[in-house]
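The structure appears below as structure tokens.
Bear in mind that the values here come from a model prediction, so they are computed numbers and not experimental data. Side chains are part of it too, since the values below use all heavy atoms of this structure and drop only hydrogens, waters and symmetry mates.
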Amino acid sequence: MKKTGDLNLVKKINKSIVLELLQKQSPISRASMAKLTGLTKATVSTLVAELMEENLLDEIGMGESSGGRKPVMLVFRQEAGYAIGVDLGVNYIHAVLTDLKGELVHEKRQSLKGILEADQVLAELKACLRQLIELAPASPYGIVGIGVGVPGITDNKGTVLFAPNLGWRDVPLKRLLEEEFGMPVTIDNEANAGAVGEKEFGAGRDAANLIYISIGVGIGTGIIMNNELYRGASGYSGEMGHISIQADGKPCRCGNLGCWELYASENALLAEAAGVFPDGKGELEDLIALARQGNSTVLELFARTGHYLGVGITNIINIFNPELIIIGNRFAEAENWLGASIRQVIETRALPYHRDRMRLEFAGPGHRSNVTGAASFAISRFFAERKVSMDMNG
């Protein structure tokens with residue numbers, strides 16, 4: 001029996017290798033797959049046949065000949081199923097429907113302004129999910145799962161233990177959504193989702209060690225170390241918005257004093273900018289518009305916020321020695337007015353050996369890192385039964 005089990009595991013590992021290669025390098029021929037994986041042509045052909053039966057790859061015709069017969073080219077069938085990724089913000093819902101390669105199919109954004117109670121937020125979230133489910137094209141696997149990033153601490157059961165900016169404690173979000181929709185749901189911190197989104201689809205593809213800083217109402221960080229998401233001993237790593245940058249600073253609702261996000265988040269910036277607006281109320285977009293017009297007061301506010309961001313980022317650089325730091329979420333839109341002051345602080349404060357090869361980037365337009373990462377959680381879960389980590393093979 002053990003021999004049979006070993007053979008089954010070897011086959012599963014080999015199938016994992018073939019599927020992963022298809023996802024990353026298709027279109028590709030059977031012969032090229034055998035050459036790249038070290039598997040025999042017969043083994044590759046058998047595994048390809050199985051994956052075709054599972055509707056996970058297609059033949060697309062002949063490729064270029066390298067001297068013999070033209071090879072039949074294979075592609076990963078990314079439209080065999082779909083996933084939903086959600087960034088559940090403090091005052092918004094941003095959700096996407098993607099195919100199995102993480103490519104965008106539909107996108108939905110809606111405001112949660114004035115909606116504070118967990119039950120109300122959940123009702124809005126469920127309505128948003130229903131709309132995306134209805135928009136999914138017909139496919140062999142349908143919607144394979146839902147991933148949700150939340151601004152707070154979650155456990156491995158999908159419960160939101162503490163989300164101070166949402167005012168949530170012990171909300172069993174995974175259970176509630178699975179009961180409602182009858183499909184697998186993955187809940188994680190939104191900054192972890194952002195880190196995975198950048199690693200899988202964005203600026204972090206080639207970085208083994210990166211820190212993603214999600215800056216909105218609060219600040220969260222997702223940490224990729226040696227190409228893996230770092231979660232910490234209990235799974236709660238990344239709450240760097242609550243490191244103290246002022247020893248006896250402002251009190252935070254988390255219970256600490258002088259938390260970074262009290263000085264360098266969207267909320268902090270808007271509080272400082274209250275006097276800029278006639279009614280004392282404005283949004284980040286309003287400040288960006290004024291900055292574009294050259295408003296000196298607003299430019300100074302962005303520079304000051306950038307200084308505080310630089311202080312926190314310097315601590316991150318000195319602790320983790322990353323090769324890449326990515327600033328994402330809504331603050332990525334303000335790169336033109338934050339970037340210089342952040343870099344100036346890093347240049348003067350970070351340890352020189354740590355900063356010399358470190359890159360600082362802002363996430364691309366549309367700030368989709370969090371939602372694509374959340375969708376990736378759902379996709380990864382779907383493939384978990386079909387894929388075995390490459391590390392097991394070598």
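Remark: Arg30 engages Glu59 in a salt bridge, criterion side-chain N to carboxylate O under 4.0 Å. Between Arg77 and Glu79, at least one side-chain nitrogen of the basic residue sits less than 4.0 Å from a carboxylate oxygen of the acidic one, meeting the salt-bridge criterion. Look at Glu347 and Arg355 and you find a salt bridge, because one of the NZ, NE, NH1 or NH2 atoms lies within 4.0 Å of a carboxylate O, short of that distance.
For Lys126, the NZ atom counts as densely surrounded, since its 6.0 Å shell holds more than 12 non-hydrogen atoms of other residues, nucleotides or ligands. The number of heavy-atom neighbours closer than 6.0 Å to CD of Gln344, taken from other residues, nucleotides and ligands shown, is 12 or below. Within a 6.0 Å sphere centred on CG of Asp206, other residues, nucleotides and ligands contribute 12 heavy atoms or fewer. For Asp248, the CG atom sits in a loose shell: 12 or fewer heavy atoms of surrounding residues, nucleotides or ligands are nearer than 6.0 Å.
The CD atom of Glu335 sits 8.5 Å away from the CD1 atom of Ile327 when rounded to the nearest 0.5 Å. Annotation: the span from Ile342 atom CD1 to His307 atom NE2 amounts to 11.5 Å, rounded to 0.5 Å. Taking CD of Gln120 as the start and CG of Leu112 as the end, the distance is 10.0 Å to the nearest 0.5 Å.
Under 3.5 Å, the side chains of Glu190 and Ser214 contain a donor-acceptor pair of N or O atoms. Neither side chain, Tyr353 nor Asn321, offers a donor N or O lying under 3.5 Å from an acceptor on the other.
Residues Leu166 and Val160 are not in side-chain contact: their nearest non-hydrogen atoms beyond the backbone lie 4.5 Å or more apart. Counting only heavy atoms from C-beta outward, the side chains of Leu88 and Ile93 approach each other to under 4.5 Å. Counting only heavy atoms from C-beta outward, the side chains of Glu54 and Leu51 approach each other to under 4.5 Å.
Using cut-offs of 30° and 60° for the angle between ring planes, the Tyr263 and Tyr308 rings count as tilted.
Pairing each heavy atom of Ala34 with each of Lys41, the nearest pair is CB-CG, 4.0 Å.
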